[in-house]
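Below: one structure, written as structure tokens.
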Amino acid sequence: MTGSKSLAAGIAIGLAAAGGAIGMGLVGGKSVEGIARQPEAESKIRTTLMLGLVFIETAIIYALLVVILIIFVL
């Protein structure tokens with residue numbers, strides 16, 4: 001049972017981290033592209049970028065909490 005918990009936890013946090021990293025990379029790239037096209041909108045784009053990154057990071061933290069629950073509670 002411990003082995004399957006470890007495997008499930010590893011897969012879950014690995015997928016969450018990989019998905020978050022891909023998402024953050026895409027968001028960062030598109031925001032830089034948007035700032036390059038419209039430098040006068042930099043502050044609005046940066047604010048939206050930060051909000052997007054926070055939401056992505058929150059999803060990763062939720063995955064970490066689920067993994068901790070899998071390991072210690074189930």
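Along the sequence shown, the residues carry numbers beginning at 1.
Going from atom CD1 of I13 over to atom CD1 of I68 covers 8.0 Å, rounded to the nearest 0.5 Å. If you take OG1 on T47 and CD on E42, they are separated by 10.0 Å, rounding to the nearest 0.5 Å. Atoms CD and CZ, from E33 and R37 in turn, are 5.0 Å apart once rounded to the nearest 0.5 Å. Separating the CZ atom in F72 from the NZ atom in K5 is a distance of 9.5 Å, to the nearest 0.5 Å. With rounding to the nearest 0.5 angstrom, the CD atom of E40 is 8.5 Å from the CD1 atom of I45. Separating the CG atom in L53 from the OG atom in S31 is a distance of 7.5 Å, to the nearest 0.5 Å.
Looking only at side-chain heavy atoms (C-beta outward), I56 and V27 come within less than 4.5 Å of each other. Counting only heavy atoms from C-beta outward, the side chains of V54 and T58 approach each other to under 4.5 Å. Between V67 and I71 the shortest side-chain heavy-atom distance falls below 4.5 Å.
Linking ILVMFWY side-chain heavy atoms closer than 4.5 Å, directly or via other members, places L49 and I60 in a single hydrophobic cluster. Under the 4.5 Å side-chain contact rule for hydrophobic residues, L15 and L7 share a cluster.
In this structure, E57 has no side chain to side chain donor-acceptor pair (under 3.5 Å) partners at least two apart in sequence or on a different chain.
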